[in-house]
Structure formats: C-alpha cells, structure tokens
Amino acid sequence: MFCGGKKSYFAATVCIITLTSMVTFSYIRLQRLAHLPKIIQDGRRCRGEITNKTITPLKDNRTFIISPYFDDREGKVTRVIGIVHHEDVKELYCWFCCQPHRKIQVTKAKIDVHSDRFGFPYGAADIVCLEPENCDPTHVSIHQSPHGNIDQLPRFEIKNRKAETFSVDFTVCISAMFGNYNNVLQFIQSMEMYKILGVQKVVVYKNSCSQLMEKVLKFYMEEGTVEIIPWPINSYLKVSSEWHFMQDGTHIGYYGQITALNDCIYRNMQRSKFVVLNDADEIILPLKHPDWKTMMSSLQEQNPGSGIFLFENHIFPETISTPVFNISSWNTVPGVNILQHVYREPDRKEVINPKKMIIDPRRVIQTSVHSVLRAYGTSVNVPMDVALIYHCRVPLQGNLPKESLIRDTSLWKYNSSLIMNVNKVLRQTVL
C-alpha cells in the first residue's frame, strides 16, 4: 500500500494530507500547462514570401489577414487583425518564425469574431496566439492546419514588438474612403481643422476617390500629415455601403469599416498618445477649450482611470446654408463649405445621438464604430457643453423648416485660421 505502517488516526491523517497535496499540485501544474501554447511542430527553418499587402486572403478564401501585432498587456501574444466568415472558419494556426535560430514553432489560435457583425456573414476578428517560450518571433504565418508546405505560406511582420516613445499626441483614423470620394473642399477643411485642434497624423483607409482627391491626398502625404493605407476590400468580398445586412448577398458592411478601425488602433498603439475615431465629415469641436490637448488634459484629470471618451454627434444639414463666408474662389472646388452650415438639427426624444471617440489606444482591446467592445477601464460620455461633433452632411430630419433648427456658430471661432490655411492648400493643389 502507498500509506503503510500502523493503522492509527495520526497515520491516516498524514496519508490523506499527502495524497491531497499531490493531487492539488498535479492539478495546478496541469492548469498552468493548459494555458501554455501547444507546440505542434518545430525544427524547420523560416521560409515563405514576406507580404506587405494590406489585405491578404488565405487559401480557404474565408480568412483575410490585415496585420499581426504584438500585445503584451495580458501575457505575450500575437494578435492578428483579420476578417473571417463567422461560421466557416473553425481552426487557424500561427506559424511563428522564432529568433535567433529562425526555426518554426506552431501554435493553435483562438479565433475571436467581434460581436458587431450586424448580420453580415463576415466580420472583424482577432486571431490570437500565445507566443512560445524563448521564441521572440519577428514574423508569423497563418494557416488552417498545423501541417503543410511552409514555402507556400505568406509571412507577416509582427508590428509593435519594440516599445516606442509617442511621436504624436493625436492621430485621426478615417475609414473607409470609398465610392470615388470627391468631397474635396470639406475634406481639406476637416484636415485643417484637425491640425488647428492639435492633430499631427491622419490615417486614411483608401478604397477609391477622384483624381482631384488623389492630388489633395498626395499633398498631405508629402506634408507628412496623411498616411494612406490601401483598402481594396472589394477585390475579395462583396461589400455593402450600409452598416447592417440587407439580405442582398453582400459579405461585409460599410467597406469593412470596423476592421479598419481596429487595425488603426493597433497600428498607432505605440506611436500616438490618443487615437480619434471619426469620419472625414466629422469634427469634434471643443466648446470650453481652445484645442484637443487642453480638453483631454482636463477630461483625464476629472476622470482618472478612463481611456475612452465619447462625444455626441450632431447633424448640421448641408441643405441649409448662410450667405456668410461665401468665398468665391471656393465655389469652383467640389464639396461642401462647412463655414456656411451653422444650423443644427434638434435632438429627437425617441433617438439617441450616436457617438464617436477619442481613446487611449493602449486601453482598448476591440472597438466598434460608436463604442468600444472590450477595454481596460471605463468610458466617459463627454457632456455637450464641453464638446460636440460637428457633422455636416445630408439631413436626417429633412422635413424640418429652417426655423426649427438651432443656430450654432461654434465653428466660426476658428474661421480666420481656417480660411487662411484652406486657401494655402487650395493654391498648391486645386486652384
């Protein structure tokens, strides 16, 4: 017998304690091992072509890789931003290229499809793999199987591996520019307003735009303000210009906007103090502060521990205008002159105004368009007397007469700087 000796109460007690301790220790050890990445295959050398495409389809044509990012907020993992079919993709594996010996180690991925597909068959997904110990991978391939020909698998550089100091305070993420976008004047005005408010970088996920818009984007790229991420999602999927599924055979909503937003957060996680998630026709207007830096400093001081700040969207219909700031040289430029649209639609009792966000990217795990899905810390709804989103677009309450709208000239406090800056850009691009 395992517990021999005298049949005494004391001996029996010691025996029970010993057995319990052994079982407990074995259980804890097994639990720890279960959370370690299972190395399925190793020893082969890293090969395969390194890809720099923004969207890379896998052979199943049900999985599309955007980019992998190192994420050490909850252990060492590689988080791959991608798009997957929510039912058809069951298993994926990360083939890590480990350094310094350039050997392959394979681990099974967790496929985390975001909850906000809005009925579409495809959605944004995090493909998450724990990194093997003593691996320090620089590149990874994604495959449906732990076995296969490594020469045929594209390799992706794992971004964010090296810690960096913030190079900018504010980065604006615009996703996605599509439909042969040609609202040139409003885009320039938004860009110049962003810069006045303190933005140093604007990331545009570009699907399609007009030739004139290309010229404007080239100017801002050469200036160092704009970074273009090519976004040819309609080469791989049937895209919808709607945000919710219309039973029309499309695969993904609004040109994959949610995937682009999540990629933009991780792309700028180490280089930007704040990331701003809004569209090109939206401007977060501070009403108590001169710019975003002083506004965010105040909001953070009032809300320690919060990294997500939500601002209420308000529509300024482009169909209602004022003759003030009717600048003749701008009339030849395609697009909307926002300075002429200062009438705001009133709130509707039965409708909650959507929100857009300024976030600390290091506190966000997953985001949707109007709120975050998973994050560290709390979200703050910023009061309208502190800031609002100026959103100049087609009306949502088109039946309202002008008298029912609210005159709001908050934008005009920037008019002098805005007009001067827009004129400089137009002279170098359009006029």
Sequence neighbours excluded, which residues qualify as side-chain hydrogen bond (donor to acceptor under 3.5 Å, both in side chains) partners of [X]?
X: S115; result: none
X: S240; result: none
X: K218; result: E222
X: S410; result: D408

Worksheet item: Does anything in residues 287-313 pair up under salt bridge (charged side-chain N to carboxylate O under 4.0 Å, His left out), and if so which pairs, sequence neighbours excluded?
Response: D169-K293, K288-D385
Discussion item. Give me each pair satisfying salt bridge (charged side-chain N to carboxylate O under 4.0 Å, His left out) with a member in residues 178-195, each pair once, sequence neighbours excluded.
Written reply: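 Matches after skipping sequence neighbours: E192-K195, K195-E223.
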Worksheet item: Can you name the residues that form a disulfide bond (SG atoms under 2.5 Å apart) with C264, not counting sequence neighbours?
Response: C173
Below 3.5 Å, can you tabulate the donor-acceptor pairs from side chains in residues 53-60 to any protein atom, sequence neighbours excluded?
residue	atom	partner	partner atom	Å
T54	OG1	P230	O	3.0
K59	NZ	Q152	OE1	3.0
D60	OD1	R62	N	3.0
D60	OD1	T63	N	3.2
D60	OD1	Q144	NE2	3.4
D60	OD2	T63	OG1	2.9

Worksheet item: Taking only residues at least two apart or on different chains, which pairs with a member in residues 386-431 satisfy ring-ring contact (aromatic ring centres under 6.0 Å, His included)?
Response: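 Listed by first then second residue: F316-Y390, F325-W412.
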Not counting sequence neighbours, which residues clear ring-ring contact (aromatic ring centres under 6.0 Å, His included) with [X]? List them please.
X: W292; result: F170
X: Y122; result: H85, H251
X: F219; result: none

